Number of protein chains: 2
Amino acid sequence: MDNLSTTEENYIKTIYHLQQSDANVGTNEVAAKLNTKAASVTDMLKKLNAKQILNYEKYKGFSLSDEGQKIALGIVRKHRLWEFFLVEKLNFRWDEVHTIAEELEHISSGLLVERLDSFLGHPKFDPHGDPIPDSNGKIEVQPQINLVDLPIGSSAKVSAVGSQSSELLELLTHKNIAIGTSISVIRKFSFDNSLEIETNASIPFTISRELALALFVTLLKEN
Amino acid sequence: MDNLSTTEENYIKTIYHLQQSDANVGTNEVAAKLNTKAASVTDMLKKLNAKQILNYEKYKGFSLSDEGQKIALGIVRKHRLWEFFLVEKLNFRWDEVHTIAEELEHISSGLLVERLDSFLGHPKFDPHGDPIPDSNGKIEVQPQINLVDLPIGSSAKVSAVGSQSSELLELLTHKNIAIGTSISVIRKFSFDNSLEIETNASIPFTISRELALALFVTLLKEN
DNA sequence: ATAATATTTTAGGCAAATCTAAATTATTAT
DNA sequence: ATAATAATTTAGATTTGCCTAAAATATTAT
């Protein structure tokens, strides 16, 4: 069943991610993500279809099969565990780890993944707040919303970031916001859509809509 | 200068290892190690020659250039650091790590290697006792001899094993011999070339020539 | 020294993954 | 409903790494 090339794995992972947010994914989108061309995607679709990894009818669309989904989750699991390792054990910043994890996620040993998971203490989330699937491919979907949608007055905890850029990290570091930080929105300004927020014990300050869009939060139950 | 494929790296590493023990390495030997054919080796020799990674004249032979040597040592460094990581942090046995490290050694990030090295405490030897090159490619060659060549009466410490097989590990575990164990040879029996030895504080026992050949030791200075 | 043997190289092809350009099918807009 | 546009697929090449079979060179044994 297994024995997939790195290339095949990358297609599977990419299709998985794209189909998470958008039901109707096409060859062009996949091609864009993989820096290749639609024609190459078609070739791979036929190949993965033959391997039962996806359901594909030409001109009509494609989606991961159950088997494909399982493979994708395995790759995501490896990627996020390695990212956790890089940040927690090797002192990388979270804006540095994606590219390295992109290579590490293709190391094949299943035993390695399980040992790594134990060594890291079975982490549930990667350094960007994204959930790490367990060894059965089960992924914990926590109810999270974008900070711009957080109602005024409610308290929430930053649970994930929507970008892995150094620029975002720089700004978050400056504003003392990290994953786990408590936030409540005090006011919204319609002129520029900026938000007045309050974190932990600090005095209130303002953030841009761009920043708010890059932050995902989970609601804290009110006392 | 860089940007080598995994395949190219494997050729470089293989040529490096073969040329360590044997000056006159040919295409057939390389092919055997890489499970390929001599003709394929020739193709790669031409390619690596063009990249200045080895000095090659057709029909006359080949050897790694200085650049090639440096690349090889970098790969060996990564391989051995990862093996150390797998054994020390993830509780693998030393007979399990080679194949996994064979994949990990091709992860490209230089920063990763240096961080890993720090995290592991700059180990000097891998779990099989082989020296880990430093970041400049310097490799510490400790004077070590085969146990069969250890003179009767002299004390020595097991410094490396000559095979990574589970069978060897099984036997060594049973006999309570590991890297670091002190050994002295008490007698040699010419009938079957077996050796009577003494380790640490135990009572003397006998080992086969096969086992002795798989053990490398460093002499301890006499008091 | 030369014949037999071994080693290495060339020639010509194959499979994977990619590309461009052209053809086919689907979607959208009028 | 059909023409224009967009998306997808096919056709035919390219590159990398590999193969087999045959040719070229080196080594060895007499």
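Proteins get letters first, then strands, A, B, ... in listed order; numbering begins at 1 in each. Keep in mind that what you see is a predicted model, and the values were worked out from it rather than measured.
The side chain to side chain donor-acceptor pair (under 3.5 Å) test applied to B:Thr218 returns no partner, not counting sequence neighbours. Residues passing the salt bridge (charged side-chain N to carboxylate O under 4.0 Å, His left out) test with A:Arg77 are A:Glu114, A:Asp117, sequence neighbours excluded. Judged as a side chain to side chain donor-acceptor pair (under 3.5 Å), and not counting sequence neighbours, the contacts of B:Lys13 are B:Glu102, B:Glu105. The salt bridge (charged side-chain N to carboxylate O under 4.0 Å, His left out) search around B:Arg93 returns B:Asp95, B:Glu96, not counting sequence neighbours. Every side chain to side chain donor-acceptor pair (under 3.5 Å) that B:Glu9 has, sequence neighbours left out, goes to B:His106.
Put simply, the side chain of B:Arg80 gets close to the backbone of B:Pro131: a donor and an acceptor are under 3.5 Å apart. The closest donor-acceptor contact from the side chain of A:Ser190 to the backbone of A:Asn193 lies at 3.5 Å or more, if one exists at all. In terms of modelled atom types and a separation under 3.5 Å, the side chain of A:Lys78 and the main chain of A:Ile107 share a donor-acceptor contact.
Between B:Asn49 atom CG and C:dT9 atom C1' there is a gap of 14 Å when expressed in whole angstrom units. For the pair A:Lys46 NZ and C:dT18 P, the computed distance is 14 Å after rounding to whole Å. One interatomic measurement links the two molecules: CE of A:Met44 to C1' of D:dT9, which rounds to 16 Å at whole-angstrom precision. A straight line from CG of B:Leu54 to P of C:dT8 spans 14 Å, rounded to a whole angstrom. We find that CD of A:Glu57 is positioned 17 Å from C1' of D:dA7, with the value rounded to whole Å.
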Considering only nitrogen or oxygen atoms on both sides, find all protein atoms under 3.5 Å from nucleotides 22-27 of chain C and state each distance.
unit_1 : atom_1 : unit_2  : atom_2 : d
C:dT24 : O2     : A:Tyr59 : OH     : 3.3

What's touching nucleotides 19-22 of chain D from the protein side, N or O pairs under 3.5 Å?
unit_1 : atom_1 : unit_2  : atom_2 : d
D:dC19 : OP2    : B:Thr36 : OG1    : 2.4
D:dC19 : OP2    : B:Lys37 : N      : 2.9
D:dC19 : OP2    : B:Ser40 : OG     : 2.7
D:dT20 : OP2    : B:Lys37 : NZ     : 3.4

In residues 135-151 of chain A, what donor-acceptor pairs under 3.5 Å come from side-chain atoms, sequence neighbours left out?
unit_1   : atom_1 : unit_2   : atom_2 : d
A:Gln144 : OE1    : A:Ser159 : OG     : 2.8
A:Asn146 : OD1    : A:Val148 : N      : 3.2
A:Asn146 : ND2    : A:Leu213 : O      : 2.9

Please tabulate, for the side chains in residues 34-42 of chain B, all donor-acceptor contacts under 3.5 angstrom to protein atoms that are two or more places apart in sequence or on a different chain.
unit_1  : atom_1 : unit_2  : atom_2 : d
B:Thr36 : OG1    : B:Ser40 : OG     : 3.4
B:Thr42 : OG1    : B:Ala38 : O      : 3.2

For residues 83-92 of chain A, which side-chain donor-acceptor pairs fall under 3.5 Å, sequence neighbours excluded?
unit_1  : atom_1 : unit_2   : atom_2 : d
A:Glu83 : OE1    : A:His128 : ND1    : 3.0
A:Glu83 : OE2    : A:His79  : NE2    : 2.9

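Candidate nucleotides C:dT9, D:dT8, C:dT18 were compared by shortest atom distance to the side chain of A:Thr7, and C:dT18 ranks first.
For B:Tyr11 and D:dC18, the shortest distance from a side-chain N or O to OP1 or OP2 is below 4.0 Å.
The distance from the CD1 atom of A:Ile12 to the CD1 atom of A:Ile71 is 4.5 Å, given to the nearest 0.5 Å.
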Encode nucleotides 1-6 of chain D as B, S and - characters from 5' to 3', where the letter depends on protein heavy atoms closer than 4.0 Å: B to the base, S only to sugar-phosphate, - to neither. ------

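Across all strands, B:Phe62 comes closer than 4.0 Å to no nucleic acid atom at all (heavy-atom distances).
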side-chain hydrogen bond (donor to acceptor under 3.5 Å, both in side chains) between A:Ser108 and B:Glu103, intermediate numbers included: CA-CA 8 Å; A:Ser108 58; B:Glu103 285 186 69; 2.6 Å; yes

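Near-neighbour residues of DNA chain D inside residues 13-32 of chain B, defined by a heavy atom below 4.0 Å, are absent.
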